[in-house]
There are 2 protein chains.
Amino acid sequence: MATRDTGTEQLIKDTAKQIFFAEGRFNATTQDIADAAGVARTVINYYFRSKDILFQQVFKEAMADTGTKMNEVLGSDMPFKKKVIAFIDMFTAELTMYPYKESFLISEINAHGFSLPTKDSPPGMQQFLEEVKQAADNGEIKKVSPINFMINMLSLVAYPLLTRRLFERMLELDDTNFEKLMQERKKMIIDILFS
Amino acid sequence: MATRDTGTEQLIKDTAKQIFFAEGRFNATTQDIADAAGVARTVINYYFRSKDILFQQVFKEAMADTGTKMNEVLGSDMPFKKKVIAFIDMFTAELTMYPYKESFLISEINAHGFSLPTKDSPPGMQQFLEEVKQAADNGEIKKVSPINFMINMLSLVAYPLLTRRLFERMLELDDTNFEKLMQERKKMIIDILFS
DNA sequence: TATTTGCCTGACACAAATGTCAAACGTTTT
DNA sequence: AAAACGTTTGACATTTGTGTCAGGCAAATA
């Protein structure tokens with residue numbers, strides 16, 4: 001049917017991602033999304049047939065996107081430590097832009113039972129876990145199981161960004177101080193991982 | 001009005017907590033909650049007047065509950081390392097029971113602008129941060145800012161439990177193996193914090 | 001036993017959200 | 001210019017979720 005491509009379909013998906021992943025408004029209605037995108041609500045039905053299908057597409061793309069980004073870094077041929085730093089930078093940027101992405105994905109899994117399309121864990125991940133093992137044998141890092149190393153790396157970066165709002169309140173930090181704290185943390189995380 | 005206390009009010013709140021915090025079904029309807037509790041939907045209106053008020057009460061209690069539990073451990077007079085271990089145990093148990101609690105609280109803040117009641121951070125927290133500073137001066141732990149120590153402790157415990165579903169898929173773990181991994185992690189986390 | 005009182009129920013009314021459709025609009029094609 | 005086509009729109013219908021109410025029930029009280 002030879003699309004004329006007004007960019008509207010993509011605009012709707014991007015707007016939805018903004019609302020779900022950046023603003024964390026998980027119960028946004030199709031009207032909310034349409035308003036934010038500046039289009040009539042029925043356009044959503046025209047392009048996606050139903051709200052559910054829009055959600056599924058956004059979900060699927062988000063998963064694939066995360067997978068690709070991770071794979072690119074973890075599967076690259078950088079030296080180990082450099083790779084870890086690159087990953088932390090990438091992951092920090094990702095979570096700063098879309099702090100609620102993971103929470104949204106998890107909540108959609110619970111709400112609609114969306115199954116994760118990942119056939120098997122991405123190849124880059126396997127390669128990286130192998131490299132962690134080597135680094136542990138080398139003595140470049142402390143002896144930990146590769147999986148735990150991976151989890152530590154993810155946790156130390158992601159958690160404070162995921163729970164940013166709570167931290168800001170609990171610790172009485174404003175946005176500037178929080179950003180500063182996150183920058184400090186990057187170095188500290190490397191220290192911990194390579195101690 | 002001299003309540004006769006059939007336990008129904010509490011049952012509804014407990015059921016809501018189960019659905020929100022344990023099952024992660026953030027868009028559950030009042031009907032869902034009523035069904036799970038085995039009562040008619042209108043009973044919810046009888047006890048709470050509206051869905052919003054029920055949500056707010058659950059939210060408020062959850063926040064208070066978390067605050068109390070943290071305060072009890074962090075404000076106790078245990079020796080430092082013992083206190084850290086006790087905290088990790090408590091926090092692990094809490095997150096195993098209610099993995100989606102934090103996510104729910106954050107999502108409600110975004111959706112309904114629920115304000116956090118704790119104006120100032122609880123006293124136990126302040127005391128603990130002070131003790132971290134001392135431990136850093138003692139050399140009992142590495143030199144890190146108390147806030148970062150706190151964040152590290154929380155992150156290493158919470159993140160894998162929050163994102164359990166994603167991890168299980170990505171790393172191809174079943175429930176048993178995941179639990180085992182979490183037990184291993186407890187010791188490892190202590191190692192990291194006290195290295 | 002009769003009455004009060006708190007608790008619970010189902011039917012109904014209302015509100016909010018989603019989906020459908022015919023028609024209008026502006027490009028592109030003929 | 002006319003026709004064809006993809007896109008957009010607003011009115012309408014449907015579905016889903018929430019709140020209200022009168023009345024029924026059982027335990028407590030008199």
Side-chain angles (χ1 to χ4, degrees), chain A residues 1-21 23-61 100 104 107-114, chain B residues 1-21 23-61 100 104 107-114:
Chain A
M1 52 139 107
T3 175
R4 203 173 278 166
D5 193 11
T6 54
T8 305
E9 182 168 0
Q10 193 57 44
L11 171 65
I12 291 170
K13 285 194 283 191
D14 289 343
T15 306
K17 286 177 189 171
Q18 180 65 22
I19 288 178
F20 295 144
F21 304 157
E23 297 171 22
R25 295 166 48 206
F26 296 172
N27 321 344
T29 65
T30 51
Q31 187 68 61
D32 292 333
I33 297 169
D35 288 349
V39 300
R41 180 179 57 80
T42 47
V43 178
I44 292 177
N45 292 97
Y46 175 74
Y47 283 106
F48 302 96
R49 295 182 48 86
S50 76
K51 178 190 175 183
D52 254 31
I53 294 177
L54 169 61
F55 274 38
Q56 283 184 40
Q57 286 208 17
V58 168
F59 177 90
K60 200 172 149 192
E61 283 186 23
Y100 303 105
F104 178 83
S107 114
E108 281 304 304
I109 291 171
N110 292 321
H112 300 90
F114 288 174
Chain B
M1 54 141 106
T3 175
R4 203 174 280 164
D5 194 13
T6 54
T8 305
E9 181 169 0
Q10 192 58 44
L11 172 65
I12 291 170
K13 286 194 282 191
D14 289 344
T15 305
K17 286 177 188 172
Q18 179 65 22
I19 289 179
F20 295 143
F21 303 156
E23 298 172 20
R25 295 165 50 204
F26 296 171
N27 358 349
T29 65
T30 51
Q31 188 68 61
D32 292 333
I33 296 169
D35 288 349
V39 300
R41 181 180 57 81
T42 47
V43 178
I44 293 177
N45 292 98
Y46 176 74
Y47 283 106
F48 302 97
R49 296 187 52 81
S50 77
K51 178 190 175 184
D52 255 31
I53 294 176
L54 169 61
F55 275 37
Q56 283 184 39
Q57 286 207 18
V58 168
F59 177 89
K60 201 172 148 191
E61 283 187 23
Y100 303 107
F104 177 83
S107 113
E108 281 302 304
I109 290 172
N110 292 321
H112 300 90
F114 289 173

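Here is how names work: the chains are called A, B, and so on, in the same order as the sequence lines, proteins then strands, and each is numbered from 1. Since the model is a prediction, treat every value here as computed from it, not as a measurement.
- Under 4.0 angstrom from either OP1 or OP2 of C:dC8 there lies at least one side-chain N or O belonging to B:Thr8.
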Provide a list of protein-nucleic acid N or O atom pairs under 3.5 angstrom, restricted to nucleotides 9-15 of chain D.
residue	atom	partner	partner atom	Å
D:dT9	OP2	A:Ala40	N	3.3

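- For B:Phe104, the ring-ring contact (aromatic ring centres under 6.0 Å, His included) partners two or more places apart in sequence, or in a different chain, are B:Phe20, B:Phe21, B:Phe26.
- Using a 4.0 Å heavy-atom distance criterion, B:Asp5 is classed as a sugar-phosphate-only contact.
- Remark: A:Asp35 pairs with no residue by the salt bridge (charged side-chain N to carboxylate O under 4.0 Å, His left out) rule, at least two apart or across chains.
- Using a 4.0 Å cut-off on heavy atoms, none of the residues of residues 10-21 of chain A approach DNA chain C.
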Side chains of residues 47-58 of chain A: which donor-acceptor pairs under 3.5 Å do they make with residues two or more places apart or in other chains?
residue	atom	partner	partner atom	Å
A:Ser50	OG	A:Asp52	N	3.4
A:Ser50	OG	A:Ile53	N	3.2

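- OP1 or OP2 of D:dG6 has not a single side-chain nitrogen or oxygen of A:Thr3 nearer than 4.0 Å.
- B:Asp32 has its side chain within reach of B:Arg25: a pair of non-hydrogen atoms, C-beta onward, lies under 4.5 Å apart.
- Contact annotation: A:Ser50 does not reach the phosphate of C:dT20 (side-chain N/O to OP1 or OP2, under 4.0 Å).
- Under the 4.5 Å side-chain criterion, counting only non-hydrogen atoms from C-beta, B:Asn110 is in contact with A:Tyr100.
- Defined by atom type and a distance below 3.5 Å, a donor-acceptor pair is missing between the side-chain atoms of A:Asn45 and A:Thr42.
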For nucleotides 22-28 of chain D, which of its nitrogen or oxygen atoms have a protein nitrogen or oxygen under 3.5 Å away, and what is each distance?
none

